[in-house]
S.K.: 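Supplied in structure tokens, the structure appears directly below.
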Amino acid sequence: MELSYKKQNCTQVNEEYIGKECTLAGWVSTVRDLGGIIFVEVRDRSGLFQVVADPKVNPQVYEKFQELRSEFVIQVTGTISKRPDDTINEKLKTGTIEMYPSSIEILSRAIALPFVLDDEGVSEEVRLKYRYLDIRREKMLSNLTLRHKIVTAIRNYLNNNDFLEIETPNLTKATPEGARDYLVPSRVHDGKFYALPQSPQIFKQLLMVGGIEKYYQIARCFRDEDLRADRQPEFTQVDIEMSFVKQDDVINMAEGLVVDAFRAAGVDVKAPFKRLTWKEAMERYGSDKPDTRFGLELFDVSDIMAASTFEAFKSVVEKGGTVRAIKIPGIAGYSRKEMDDVRNLAISFGAKGLAWITYLEDGSVKSPVFKFLTQEQIDEIQKRADAQKGDIVFFVADTHKVVFDVLGRFRLYFGDRLGLIDKSQHDLLWVVDFPLFEYSEEEDRYVSVHHPFTMPAYEDIDKLETDKAHVKSIAYDVVYNGNELGGGSIRIHDPGIQEKAFKALGLSDEEIKNKFEFMINAFKYGTPPHGGIALGLDRLVALLVRANSIRDVIAFPKNAQAKCVMTQAPSDVSEAQLRELHIKLRNLPKIH
RNA sequence: GGGGGCGUAGCUCAGCUGGUUAGAGUGCUUGCCUGUCACGCAAGAGGUCGCGGGUUCGAUACCCGUCGUCCCCGCCA
């Protein structure tokens, strides 16, 4: 596209343009003033192009070039020429050609930048404060470009499969469960608040009631929780819902989408992906998002410990807990201090203690728990672990939840520390058959693992009233290299089952009516069986560009304190604005 | 809410066991330089050592507090 100020992009110009006139516009990337001749690299989004000012060729242009400084915005027009053979720069796409401009226009000047653009070591704090400059960096440009390509691939895939892209409200109703809401006060309605959506969940289900059948949205979601490297208060989900589907339909659709999204990032993966049940994932890897690029699988020794004289472990099993173990190869030589560190690590992960058996290189075997075990029991453990000289087997006894959590983290820790993870792999899998509920100690009731609209497994519907802990759900997560890319479920489309599900969560009739009446009503008017999935776009892109933080794939992210260091949001507002919103602060901000 | 790391020039950092004039690289400014591409050479400007308090004859350094920032746990249906 030819623009008024610019007829070519920098890297569009190639040797075919030699002898032709071009007009480039962009930023001054570098000025190399050799005294009698000045070289300037012009940068636009496409890349770099060298222009040369020689007083013998054009004294007026040379004079103007002496004014140029880094990041000035300029327009140059001139004929493209081949560089002398010995001055070709192979690092540059346009390194065989250059321009001696016949005219130069300074479109805008720039003061000295707060940091050097090609310096990789600049702190994130500075980068975020001047994000508009940070975005000029090649790395950020390529991250945002790849994000665009991935979104484009996703849109193409869904459009080609007959989906409609539909927007849902950002001003909506506070949701009862889940994350904390961002609230938006209503000026029109004194004392009332909208909430920003944590996800378009309810609306996309109502679109199914509305007969849309196949919906998607690149949806902004908001959660007022503490941040992490991979969590922002506002983030983007690829939100999808389909009617007349069972689990395999959604999974097949999503696999095609992930394959296309990865291809857009230059990564070839093949569908179908592996599938693990939630139970298998927990028992083998201690995680519902297992990284299966390496082994170190957990194994069960509850039966052995229950038969031992080791009271601490025995009693755990008798109370319904479990004792599981993990074999870590080649660390039997750990010093006393290293073992103390390992034990402290286990405790920091939530273990009450840590037991182990060390298989020393000299063939001897040592353990603080041998006195509680018979030789047969010791042999059986070695057999299950397939322990060799140099290995250590660690044991944790507690509730299933704690044991899996501790050993799962142990596994990741040692996988990383021992360099067992093949970073070149692209390990994609589904975790299916999640439990529908989990018990919340804090609230002393069962809460949804996924959300309250998740369909129970057909064979478990009876258990909604009798055995909540063992109700499986038709919910599935897609996992990439040990990271949750997304998850979804088949939804309840039967008002009767939905009511049972709400009751199982301990919601009273009144609460159900207040919070979900519109939804229950909607479902009375003919609701297709439906289900869907949501994929975390920021995390997906961050993983594919191997960024340390999703902030690196978001143009204007918040920092870890949920502040925008560039705009200083969130900020105080005027008393007048508050009054209009009928809001009185408990602690007024300091006068400024 | 809890734990840990960091805070010294515009940027990235060094600074010994507490010692008198706080350094380097880079960026910036100026001068010289006609084929550079991390141009080179030279000179110069640039500091509330985050802030407050304490210990001390003396604190950038030690202690306490506080603020900022990053990571992790909790939390994130």
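Note on naming: letters A, B, ... go to the chains in the order of the sequence lines (proteins, then strands), and numbering restarts at 1 for each one. Hydrogens, waters and symmetry mates are skipped; everything else that's a heavy atom, side chains included, is used.
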S.K.: For B:G7, give its Watson-Crick or G-U wobble partner with both distances under 3.5 Å, or none.
M.R.: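 Base partner found: B:C67.
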S.K.: Return the nucleotide paired to B:C32: Watson-Crick means purine N1 to pyrimidine N3 with N6-O4 or O6-N4, wobble means G-U with N1-O2 and O6-N3, both under 3.5 Å.
M.R.: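 Partner of B:C32: B:G40.
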S.K.: Could you tell me if the ring centre of A:F516 sits under 6.0 Å from that of A:F453?
M.R.: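 Between A:F453 and A:F516, which both carry aromatic rings, the centre distance is below 6.0 Å.
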S.K.: Checking all strands, does A:R551 fall into the base, sugar-phosphate, or nothing category for heavy-atom contacts under 4.0 angstrom?
M.R.: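 Result for A:R551 = sugar-phosphate.
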S.K.: Does any N or O donor sit under 3.5 Å from an N or O acceptor when you compare the side chain of A:R231 with the base of B:C76?
M.R.: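 Side chain to base: pair found, below 3.5 Å.
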S.K.: Is a donor-acceptor contact shorter than 3.5 angstrom present between the side chain of A:R69 and the base of B:G27?
M.R.: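 Answer no: no donor N or O sits under 3.5 Å from an acceptor.
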S.K.: For residues 468-494 of chain A, which residues have at least one heavy atom under 4.0 Å from RNA chain B?
M.R.: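 Those residues whose heavy atoms fall under 4.0 Å from RNA chain B, taken from residues 468-494 of chain A, amount to none.
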S.K.: Is there a Watson-Crick or G-U wobble partner for B:G46 with both distances under 3.5 Å, and which nucleotide is it?
M.R.: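 Partner of B:G46: none found under 3.5 Å.
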S.K.: Hey, which sits more toward the 5' end of RNA chain B by its nearest nucleotide, A:R409 or A:R83?
M.R.: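 With A:R83 and A:R409 compared, the 5'-side residue is A:R83.
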S.K.: Searching all strands shown, indicate the nucleotide that pairs with B:C62 (Watson-Crick or G-U wobble; both distances under 3.5 Å).
M.R.: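 B:G54 - that is the nucleotide pairing with B:C62, both distances being under 3.5 Å.
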S.K.: Could you measure between the two P atoms, the one in B:G10 and the one in B:C37, and give it in whole Å?
M.R.: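 B:G10 and B:C37 have their P atoms separated by 30 Å.
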S.K.: CG of A:L345 versus C1' of B:G3: gap in Å, rounded?
M.R.: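 These atoms are roughly 14 Å apart.
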S.K.: Considering only heavy atoms and no angle criterion, is a donor-acceptor pair shorter than 3.5 Å present between the side chain of A:R32 and the base of B:C33?
M.R.: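 Not at all, since no donor on one side and acceptor on the other fall under 3.5 Å apart.
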S.K.: When the C1' atoms of B:C57 and B:U8 are compared, how many Å lie between them, rounded to an integer?
M.R.: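 Approximately 25 Å lies between the C1' atom of B:U8 and that of B:C57.
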S.K.: Is it the case that the base of B:U69 and the side chain of A:Q561 share a donor-acceptor contact (distance under 3.5 Å, atom types as modelled)?
M.R.: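 Checked by distance alone, the answer is no.
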S.K.: Does the base of B:G27 carry an N or O that pairs as donor and acceptor with the side chain of A:D119 under 3.5 Å?
M.R.: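 Between B:G27 and A:D119, which were checked side chain against base, a qualifying N/O pair under 3.5 Å is absent.
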